[in-house]
Amino acid sequence: MAVIQANRMCEDYSQLESGPLSSFISGDHPQGTFAGVYDGHAGSEASKFVSHNLFFNLKAFSATEEDFLSLVKKQWMNNPQIASVGTCCLAGVLHDGVLFVANAGDSRAVLGRVERGSKRASAVQLSNEHNVNIASVREELYALHPDDSQVVIMKHKCWRVRGLIQVSRSIGDVYLKRAEFQREPLLPKFRLTETFEKPILNSEPEVTVHKLQPEDHFVIFASDGLWEQLSNQEAVDIVHNFPRNGIAKRLLKAALHEAAKKREMRYADLKKIDPGVRRHFHDDITLIIVFIDSHLVSKSPLPPYSIKGGVFPR
């Protein structure tokens, strides 16, 4: 696991859980591994909330969404900006030789596969992004909101939902899901000129199922901050060609080198830039690399293991 802060306050959280998965799969003490990357926006409240709740609501993202909505209602008058906070959500579950990937937003899961007899790893993308800068995602929103000509508009040189946000699916962002929050004390920049009757964004994840093969060596779960700098294949090559120990940090460093290169500056100078200003050079980046040892995949029991990632106050 690795994380780098670019915003004034890091908005990303992540977690890795190994051991019992009883909240996800019925049966006698099912075992598995869970990985989650939560790329927050407009604040960290939603991503932090998801990191503490999604694992226990694995059968339904909607349960975590509803719980966060309840939190927003409680805090609305004293902390109205929480209505504008949201998070992309990428989760993976490995159980009994099968990898389930659920994604809402624009984070990405990429598999590293090494064919038998080959020394080279190939990249296989396991998730689709829900970002309106992708034509098919814009078309999906147009189809869902045929009477809303402003549902997606170009602003600041990129497509945005109602001119505000680039993702079409998330947990949180209740100001674009519940019209009741489109009023004071919500900040004016989040208030729409035209109201809406049905949610503009939704929290439903896109789920893919992948049967693990002996050639599948690892999976990279990462926020879009990584993929803005590195291609799927570049990331897979780095993980495949270097030792496991410290590989998440190495991959993160490679992304930062690329960010510096794009701005024609040295990596050493990029590191000196303070959070907040640094957001002009790259996004917060959070990543988890899960290595798959095929001869151990179906073995049980797994030792219980739990760790959360993020930048926590000192």
Side-chain angles (χ1 to χ4, degrees), residues 1 14-38 54-62 88-130 136 169 204-224 226-227 230-241 244 247-248 251 287-307:
M1 300 175 72
S14 56
Q15 70 183 119
L16 188 71
E17 309 283 346
S18 185
L21 293 175
S22 55
S23 63
F24 177 62
I25 301 167
S26 60
D28 296 331
H29 307 295
Q31 301 281 314
T33 298
F34 170 90
V37 170
Y38 318 121
L54 182 66
F55 180 64
F56 303 103
N57 288 328
L58 269 179
K59 288 183 179 179
F61 272 44
S62 60
C88 298
C89 188
L90 172 66
V93 175
L94 292 92
H95 168 71
D96 198 23
V98 179
L99 172 61
F100 303 85
V101 177
N103 187 46
D106 57 6
S107 296
R108 187 185 303 172
V110 174
L111 175 74
R113 174 179 290 164
V114 182
E115 299 295 341
R116 190 171 301 175
S118 173
K119 294 183 179 180
R120 186 175 182 274
S122 58
V124 180
Q125 188 166 321
L126 298 177
S127 61
N128 296 311
E129 284 101 304
H130 309 116
S136 60
R169 304 191 194 191
E204 182 180 353
E206 186 171 353
V207 179
T208 59
V209 181
H210 176 76
K211 176 69 174 176
L212 294 174
Q213 304 297 324
E215 296 80 16
D216 299 336
H217 283 208
F218 56 86
V219 184
I220 305 169
F221 299 91
S223 61
D224 67 322
L226 179 76
W227 309 114
L230 299 174
S231 69
N232 293 354
Q233 191 59 53
E234 287 170 335
V236 163
D237 286 343
I238 291 168
V239 176
H240 178 60
N241 292 324
R244 292 186 183 185
I247 193 60
L251 183 57
L287 65 95
I288 299 174
I289 304 169
V290 177
F291 286 94
I292 304 165
D293 292 315
S294 58
H295 66 288
L296 296 175
V297 164
S298 298
K299 303 287 184 180
S300 62
L302 290 171
Y305 185 81
S306 177
I307 186 170

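Because only heavy atoms are used, hydrogens play no part in the values below, and waters and symmetry mates are left out as well, while side chains stay in.
Side-chain N/O atoms of N103 and E206 include no donor and acceptor closer than 3.5 Å.
Judged purely by atom type and a 3.5 angstrom limit, Q233 uses its side chain to pair as donor or acceptor with the backbone of A121. Using a distance-only test at 3.5 Å, with no hydrogens or angles considered, no donor-acceptor pair links the side chain of R169 to the main chain of H130.
If you take OG on S62 and CG on N57, they are separated by 8.5 Å, rounding to the nearest 0.5 Å. A distance of 12.0 Å separates CG in D106 from CG in N128, rounded to the nearest 0.5 Å. In this structure, the separation between CG on N241 and CZ on R120 is 9.5 Å, given to the nearest 0.5 Å. Separation of atoms CD (Q125) and CD1 (I220) is listed at 11.0 Å; rounding is to 0.5 Å. Interatomic distance, CD1 of I247 versus CZ of F291, reported as 6.0 Å (0.5 Å rounding). Note that CG of L111 is 11.0 Å distant from OG of S127, once rounded to the nearest 0.5 Å.
Closest of all the heavy-atom pairs between C88 and S107 is CB-OG, 4.2 Å. Pairing each heavy atom of V219 with each of A109, the nearest pair is CG1-CB, 4.4 Å. What you find for D96 and K211 is that their closest heavy atoms are O-NZ, 4.1 Å. Contact record, A222 with W227: O-NE1, 3.2 Å, taken as the closest heavy-atom pair. Listed here is the closest heavy atom pair of H240 and K119: NE2-O, 2.7 Å. A104 and E204 get closest at one heavy-atom pair: CB-O, 4.4 Å.
When side chains are defined from C-beta on, H210 does not count as touching V101, because their heavy atoms never get closer than 4.5 Å. For the pair V114/E215, no side-chain contact is recorded, criterion being any heavy-atom separation below 4.5 Å from C-beta on. In this structure, the side chains of V110 and V236 come closer than 4.5 Å at one or more pairs of heavy atoms. Side-chain contact check for F34 versus L94: every heavy-atom pair is 4.5 Å or farther apart. A 4.5 Å side-chain heavy-atom check between F61 and L54 finds at least one atom pair inside the cut-off. Between V209 and L99 there is no side-chain heavy-atom pair separated by less than 4.5 Å. Between L16 and M1 there is a side-chain heavy-atom pair separated by less than 4.5 Å. Taking 4.5 Å as the limit, every side-chain heavy atom of L90 sits out of range of all side-chain heavy atoms of Y38.
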With salt bridge (Lys or Arg N to Asp or Glu O under 4.0 Å) as the criterion, how do R244 and D293 come out once you've worked through the C-alpha distance, each side chain's angles and the decisive distance to 0.1 Å? CA-CA 13 Å; R244 292 186 183 185; D293 292 315; 3.2 Å; yes

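Annotation: cation-pi geometry not satisfied between R108 and F221 (NZ/CZ under 6.0 angstrom from ring centroid, within 45° of ring axis).
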